[in-house]
Amino acid sequence: MATEKLTEYERRRLETIKRNEEMLVSLKIHTRLSELSAAFKRQRAEKSYKVSPEKKPKSEEPVVIRRSLRTRGLPPDAPGLGDEIIELRAKPSKPNSPPKPSPHVLGPFRMRDAYRGSGSDEALIKTISRRSQVNSSDESVNGQENDYKDQISSGLHDGSDWSYSNSTVRVLEDNLLGCSTGCESIRVKGSVDLGSLSLEPENIARVVPGRIMAVRIFPSTEMTIIAAGNKFGDVGFWDVESRNEDRDGIYLYHPHTAPVSGILVQPFSLSKIYTSSYDGLVRLMDVEKEVFDLIYSSNDAIFSLSQQPNDANSIYFSEGNGVVKMCDVRVGNTSASWNLHENRINSVDFNSANASIMATSSTEGTAGVWDLRKMHVDKPKALKMVCHRRSVQSAYFSPSGNCLATTSFDNNVALLSGANFEDISMIRHDNQTGRWISSFRAVWGWNDSYIYVGNMKRGVDVLCTTQKRIIFTLQSQHASAIPCRFDAHPHKIGMLAGATSGGQIYIWTAPS
DNA sequence: GATATGCTTAAATAG
DNA sequence: CTATTTCCAGCATATC
């Protein structure tokens with residue numbers, strides 16, 4: 001009986017795939033359609049997570065958890081493709097209702113086609129576009145920076161290129177350190193009074209449905225916009241200051257068909273936002289063009305996304321089983337690929353003091369520090385390996401670049417320091433989040449003193465790097481869920497966004 | 001080694 | 001208010 005039902009399900013799926021065939025033909029993967037049948041048989045044999053067999057949704061498609069080969073850690077070779085195609089199709093609505101126009105295609109689509117909010121998203125587009133333009137000739141910055149901008153512009157190949165050199169960044173850093181500018185890729189540094197941080201009720205909002213996987217504060221002092229990516233492939237934007245009685249200031253899009261693993265807002269061009277996903281895609285949301293572009297596509301899941309602080313033309317991401325790739329966004333292909341770990345890589349980060357130094361963390365149980373200038377193609381050798389006893393969820397460099405903090409399921413936050421990160425110390429911290437809460441990832445604040453990491457009591461533990469212990473815990477009666485993913489505002493000291501598994505964002509702030 | 005299965009966990013939401 | 005549902009982690013254990 002169950003077999004019968006699944007057979008029916010298979011039939012419908014095959015129909016869907018037929019419908020997608022034209023699209024697939026252009027992608028030159030249609031020749032592998034013949035392999036689908038076999039893939040389905042495997043999938044049928046595979047049981048989804050313990051579902052009570054009695055309750056079946058009547059006359060609905062059975063809810064089968066789509067687990068592609070890649071999420072099961074299998075090689076991305078031939079037989080996995082069937083899953084990919086399924087994930088490209090629109091999520092089935094009711095059998096007889098006309099299919100919603102779906103952007104789930106392997107290509108660019110308009111923002112409005114991915115928009116899932118109730119009102120209009122015009123206000124968001126306006127806010128981001130206006131600020132983005134302001135940022136390229138920011139009035140809050142003195143003439144000095146405009147000179148740098150000119151300097152930067154003079155080195156461009158064309159108008160759509162935002163490259164700038166190492167030396168330029170160095171000059172920027174020397175001159176602008178500590179200044180409040182509208183937009184630069186250098187983080188402000190400073191100390192924060194932990195006791196003064198608070199979570200105000202107006203700084204709480206549900207930005208997406210379901211579990212948040214990635215959160216990012218826009219790198220601007222002119223506005224407060226926070227982007228959150230969830231498990232379903234949604235990306236929500238919260239324009240915090242625009243909230244009033246009529247508007248919630250929240251805008252929801254659906255650019256991906258699987259969990260969103262990374263969000264990058266371009267510091268010099270706030271209207272350009274990269275997103276990565278388990279669906280194997282990297283997209284570029286261009287708010288001015290009002291499109292979600294396709295930058296990169298893979299058969300493997302993409303688990304994290306990063307960028308060097310001095311190169312806006314390249315993105316780095318981790319893919320499948322332990323691979324990091326670099327992609328030139330102007331060309332759209334990967335120009336480098338390294339196999340660095342045996343298992344999925346949960347984070348990729350770059351050192352602010354030396355953009356060639358990269359850190360990775362892996363489910364394999366290790367974190368690595370790498371020098372991109374010395375990467376052997378076959379077997380890259382790490383400058384430093386951190387060994388944990390369980391999976392490592394993150395490895396992030398401190399604001400100065402002198403330290404590295406890794407977070408692991410083995411209940412440690414490891415702290416590396418020293419000229420070659422040779423000094424390692426462990427700070428105990430309960431990181432057992434269980435199944436429903438995204439893993440904790442300790443993030444740096446605005447100097448090398450403190451690290452912020454969620455706890456299971458709905459608070460934020462602050463680890464002191466000198467005392468190697470929890471020195472403070474941010475708590476609030478307004479926090480109704482566990483904040484598990486964080487982003488510290490790069491230019492506003494004390495502004496820390498925490499994201500929950502229920503789609504909420506908490507913004508802790510320092511008094512102004 | 002590959003594969004399956006069971007257990008942990010919190011919060012939205014259905015009732 | 002309680003009962004149910006979620007189910008793309010990660011780990012331990014059992015079986016082949």
Side-chain angles (χ1 to χ4, degrees), chain A residues 42-57 60 62-76 79-80 83-84 86-87 91 204-214 229-234 256-262 276-281 298-304 318-321 341-347 361-366 388-394 407-411 430-441 454-459 478-485 498-506:
Chain A
R42 258 194 322 284
Q43 195 159 40
R44 181 180 58 186
E46 159 192 345
K47 269 175 78 177
S48 62
Y49 202 82
K50 197 170 189 174
V51 213
S52 56
E54 310 304 326
K55 301 174 198 161
K56 285 173 201 153
E60 289 276 343
V63 179
V64 173
I65 298 164
R66 288 178 293 188
R67 298 189 65 201
S68 65
L69 289 176
R70 60 164 189 263
T71 58
R72 282 174 274 154
L74 296 175
D83 296 311
E84 293 307 318
I86 292 154
E87 288 183 358
K91 196 168 188 170
I204 297 174
R206 198 172 306 283
V207 178
V208 289
R211 185 199 295 188
I212 293 175
M213 314 282 289
N230 71 3
K231 204 187 59 180
F232 308 124
D234 303 320
H256 291 285
T257 58
V260 176
S261 53
S276 65
S277 167
Y278 288 23
D279 67 10
L281 309 183
S298 165
N299 285 333
D300 290 321
I302 295 170
F303 293 112
S304 66
S318 64
E319 178 182 316
N321 261 355
H341 292 276
E342 295 298 314
N343 212 324
R344 65 189 269 176
I345 293 173
N346 297 305
S347 72
S361 64
S362 169
T363 298
E364 145 193 281
T366 60
H388 282 272
R389 294 163 65 168
R390 298 283 187 276
S391 78
V392 189
Q393 295 301 325
S394 63
T407 310
S408 168
F409 258 94
D410 72 357
N411 285 344
D430 178 10
N431 296 327
Q432 301 307 304
T433 47
R435 184 185 177 88
W436 312 123
I437 307 298
S438 290
S439 53
F440 291 148
R441 294 177 176 180
N455 69 33
M456 293 300 275
K457 293 177 184 146
R458 301 174 178 173
H478 301 119
S480 61
I482 295 168
C484 45
R485 296 289 160 91
T500 75
S501 278
Q504 285 181 305
I505 299 281
Y506 301 143

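Chain letters run A, B, ... following the sequence lines, proteins first and then strands; every chain starts at 1. Bear in mind that the values here come from a model prediction, so they are computed numbers and not experimental data.
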Please state how far atom CZ in A:R389 lies from atom P in C:dA12, giving the value in whole angstrom units. 10 Å
Euclidean distance, atom CG of residue A:N321 to atom P of C:dC8 [Å, nearest integer]: 18 Å
Polar atom pairs (N or O), protein with nucleotides 11-15 of chain B, under 3.5 Å:
unit_1	atom_1	unit_2	atom_2	d
B:dA11	OP1	A:I482	N	2.6
B:dA11	OP2	A:R458	NH2	3.1
B:dA12	OP1	A:R206	NH1	3.4

Which nucleotide in the list C:dC8, C:dG10, C:dA9 gets nearest to the side chain of A:T363? C:dG10
Would you say a side-chain N or O of A:R211 is under 4.0 Å from OP1 or OP2 of C:dA9? no
For residues A:I482 and A:W436, determine if any side-chain heavy atom of one lies less than 4.5 Å from a side-chain heavy atom of the other. no
Just jot down the side chain to side chain contact (heavy atoms under 4.5 Å, CB included) partners of A:S501, sequence neighbours excluded, or say none. A:R211, A:I437, A:S438, A:C484
What residues, two or more places apart in sequence or in another chain, satisfy side chain to side chain contact (heavy atoms under 4.5 Å, CB included) together with A:S347? A:S361, A:S394, A:A395, A:Y396
d(CG, A:D410; P, C:dC11) in whole Å: 9 Å
Between atom CG in A:N431 and atom P in B:dA10, what is the gap in whole Å? 14 Å
A:Q393 vs C:dG10: side-chain N/O to OP1/OP2 distance below 4.0 Å: yes
Within this structure, what is the CG-to-P distance between A:N455 and B:dT9, rounded to whole angstrom? 16 Å
Could you tell me whether the phosphate oxygens of C:dC11, OP1 or OP2, come under 4.0 Å of any side-chain nitrogen or oxygen in A:S391? yes
List in chain and number order the residues that pass side-chain hydrogen bond (donor to acceptor under 3.5 Å, both in side chains) with A:R344, two or more places apart in sequence or in another chain; answer none if no residue qualifies. A:Y278, A:N346
Length of the line joining A:W436:CH2 and B:dT9:P, which is rounded to integer Å: 12 Å
Closest-nucleotide 5' rank along DNA chain C - winner of A:M213 and A:R390: A:M213
Nearest-Å distance, CG (A:N411) to C1' (C:dA9)? 15 Å
Stacking check A:F409 vs C:dC11 (5.5 Å / 30 deg): no
In whole angstrom, give the distance that lies between atom CD1 of A:I212 and atom P of C:dC8. 16 Å
Heavy-atom check, side chain of A:I212 versus side chain of A:I505, under 4.5 Å: yes
Residues that A:T500 engages under side chain to side chain contact (heavy atoms under 4.5 Å, CB included), provided they are two or more places apart: A:A481, A:Q504, A:Y506
Go through the structure and list residues passing side chain to side chain contact (heavy atoms under 4.5 Å, CB included) with A:E342, not counting sequence neighbours. A:E364
